[in-house]
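The next block holds one structure in the form of structure tokens; read it before the comments.
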Amino acid sequence: MDVTDTASWVVLGRSAGDAVAVHLDADGAEVRRERIALTALPGRVREIEASAAPRWVWGDTPGWYEPLLAAGVRVARCHDLRLAHAILRWAASVDSAAEVRRSTAWDAAPAVESGPATATLFDLDDEASADGPPSDIAAAESEFVRQRDAVASSTEPSRLRLLLAAESAGALIASEMRAAGLPWDAAEHDRILTRTLGERSAGGTPAHVAAAAARVRAALGDPSLSIDSQPKLLRALHRAGVLVESTSRWELAEQRHPVIEPLLEYKKLARLQSANGWAWLAEWVHDGRFRPVYVPGGVVTGRWASSGGGALQLPRQLRAAVRADEGWTLVVADVAQLEPRVLAAMSSDSALVAAARGRDLYAGIVEGGAIADRADAKIAMLGAMYGATSGQSGRLVPRLRRAYPRAMGLVDEAARIGEDGGVVSTWLGRSSPPPSDGWREMQSRASQVETTSADVDRARRHARDRGRFTRNFVVQGTAAEWALCWLAELRTRLAALPPVSASPAVHSGPAFARHPHVAFFLHDEVIVHTPREHADAAARAVTDAAAQAARILFGDFPIDFPLDIRIDATASKG
DNA sequence: TAGCATTGCGCG
DNA sequence: AAAGCGCGCAATGCTA
């Protein structure tokens, strides 16, 4: 995350079947260039990294870094041109005439396969593969120049530099996490499945699932009902006098009928079976590791997405299957109320900062007197950040508006801008996408003389939808930036820990994974996999990194980001 | 029969 | 059927 340093840059790209490395000084002036056979690339990268520790500039991280990792080579820093382009392309702080806005070849999806397959060694065709950004050296060099110019043209260059460094560090970590994997105890997973779903029988349906299904069919008097078919289930419910409009758990739970209990039970079991059952285990867990595909920057707000394996939806039920290797342990940490804390800092709302002083921000709101109990405080705060207008949440929001006028003013203003078709930005300068042409047309049609009330209603509804999106964008996006800085700082600190004395056996994974490393990340939570002897140091690294992330974003502004942190062999909660 | 939309539910 | 943001995925059923 050192962005103010004077490190040099090395641009990597392809040319006629080889790699080319262009060495630049800190100002971007070319020092020299060298041609490297692809087979020699890992060794050469290792040498350059050891001697110069440059910031590696490449088209996209998975394409370059995953083969390097597979060859046992790790780098400290990079600049991911594709991710940087996606940010600069729309950044409101960048000059509207900047050429980076026109280099559309870089508006590309990441060149990763989404399946559980392993990385292949530089096997991209010279003539650009189906997707992914350009890979040739000339394209990389010219895009890098456009991006440097864009940052220089920005009204907030230092924030943007920080954002690009953090985003790129995230890309390195995502590739490393995929390579290392999350330690997963398949036997424990199997035990959980068998305990919950019942023994697998020859018929295929586990015993408890079959039993729940039988009770549902009996209660509805329909022995051949396909419960998994929503339309059929709905009709059967209606025939039995259960007059629901949907088959969602929320609505069913309000009904009183003998079918409700077994049906909710069936849905719970069927969900576990189809989402994370034995088929999932066989497909996604190998050699004691779950290796999901993380997609940094995959969400418009800057959050990560995932592709394959459902890495971002691991049910709490299965967390006990996350288990450290023999001789190793896990440091599991999550930030308490990240988003409202970020909002307090962004808006310099001293009342909300005061509420955030302790470990529990919602308790702080209660102490401040704005709202009577913690549960309501939480609902109100979420409602304020999401744009609730009705229900319990909507009713409570005005009280927060009175108690925390600056914080609420910030999100209200973001919503107003969004409704008007404007663009909002995060703390470090990631901007929301502009409204679509269709959205604009709808709004202008509604303001013309010949318009119908239906047009007006529809336009207003869509305007409010967009307002809720931009309202949340500034908070969710800035929280994602905080989390990226946390991760990047953590990675650096873990890498600096002394080597493990008697390296405990680790049964799979790349060389760097024999050292404490980040094994999982989910918006506001990290899991570090570490040899036991380094557990305390790793936990300290997690805590120190959080404090440093706060300083990077908000300087000396007095806002804390307390962690719930524990050292344990498994990741199970409570 | 492949591709798309809908429904529902898991996560933050 | 969430009121109120952002996602991914599986199963089903319809359509081209």
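Throughout, a chain's letter reflects where its sequence line sits, starting with A, and its residues are numbered from 1.
- Distances were taken from every side-chain heavy atom of A:E251 (C-beta onward) to each of C:dA1, C:dC7, C:dT12; the shortest belongs to C:dA1.
- At the heavy-atom level, A:L314 lies under 4.0 Å from the strands shown only through sugar-phosphate atoms.
- Residue-level contact check: A:S226 touches neither bases nor backbone, having no heavy atom under 4.0 Å from any strand.
- Aromatic ring pairs are classed by plane angle as parallel below 30°, tilted from 30° to 60° and perpendicular above 60°; the pair A:W427 and A:F554 is tilted.
- Here, B:dA5 and C:dA3 have their C1' atoms 25 Å apart, quoted to the whole Å.
- Among C:dG6, C:dA3, C:dG13, the nucleotide with an atom closest to any side-chain atom of A:S390 is C:dA3.
- Distance A:M381 CE to C:dC5 C1': 15 Å, rounded to the nearest Å.
- For A:S229, a side-chain nitrogen or oxygen approaches OP1 or OP2 of C:dG13 to under 4.0 Å.
- Nucleic acid contact class of A:R471 (heavy atoms, under 4.0 Å, all strands): none.
- Ring-plane geometry between A:W482 and A:W486 is classed as tilted, the angle between the planes lying from 30 to 60 degrees on a 0 to 90 degree scale.
- The separation between A:D228 atom CG and C:dC9 atom C1' is 15 Å, rounded to whole Å.
- Relative ring orientation between A:H85 and A:W106 is described as tilted, the plane-to-plane angle lying within the 30° to 60° band.
- In this structure, CG of A:L281 is placed 17 Å from C1' of C:dA10, rounded to the nearest angstrom.
- Note on A:S393: a base of the nucleic acid sits closer than 4.0 angstrom, heavy atoms only.
- Computed from coordinates, the A:H523 NE2 to C:dG6 C1' distance equals 8 Å when rounded to whole Å.
- Of the N and O atoms on the side chains of A:D420 and A:Q443, not one donor lies less than 3.5 Å from an acceptor on the other residue.
- The C1' atoms of B:dG8 and C:dA1 are separated by 11 Å, rounded to the nearest whole Å.
- With rounding to whole Å, A:Q476 atom CD is found 13 Å from C:dG4 atom C1'.
- In this structure, A:Q230 reaches the sugar-phosphate backbone alone: every heavy-atom distance under 4.0 Å involves primed, P, OP1 or OP2 atoms, never a base.
- Counting 5' to 3', DNA chain B first comes under 4.0 angstrom of a heavy atom of chain A and last does so at the ends given by B:dT7 to B:dG12.
- Take the nearest nucleotide of DNA chain C for A:S274 and for A:E245: the residue whose nucleotide is more 5' is A:E245.
- Using a 4.0 Å heavy-atom criterion, one finds that A:G387 contacts the sugar-phosphate atoms exclusively.
- One can place CZ of A:R271 at 8 Å from C1' of C:dA10, the figure rounded to the nearest angstrom.
- Between the side chains of A:H189 and A:W184, at least one donor N or O sits under 3.5 Å from an acceptor N or O.
- Using a cutoff of 4.0 Å between basic side-chain nitrogens and carboxylate oxygens, A:E413 and A:R416 are scored as salt-bridged.
- For the atom pair A:L160 CG and A:I87 CD1, the distance stands at 8.0 Å (nearest 0.5 Å).
- An OP1 or OP2 oxygen of C:dC5 is reached within less than 4.0 angstrom by a side-chain nitrogen or oxygen of A:R468.
- Pairing for C:dG4 is absent, judged as Watson-Crick or G-U wobble with the two contacts each under 3.5 Å.
- As a whole-Å value, the separation of A:W250 CH2 from C:dA2 P is 8 Å.
- Protein atom CG of A:D524 is 14 Å distant from nucleotide atom C1' of C:dC7, rounded to whole Å.
- Inspection of the A:T426 and A:T478 side chains reveals no N or O donor paired with an N or O acceptor under 3.5 Å.
- Straight-line distance between the P atoms of B:dG12 and C:dG4: roughly 22 Å, to the nearest whole Å.
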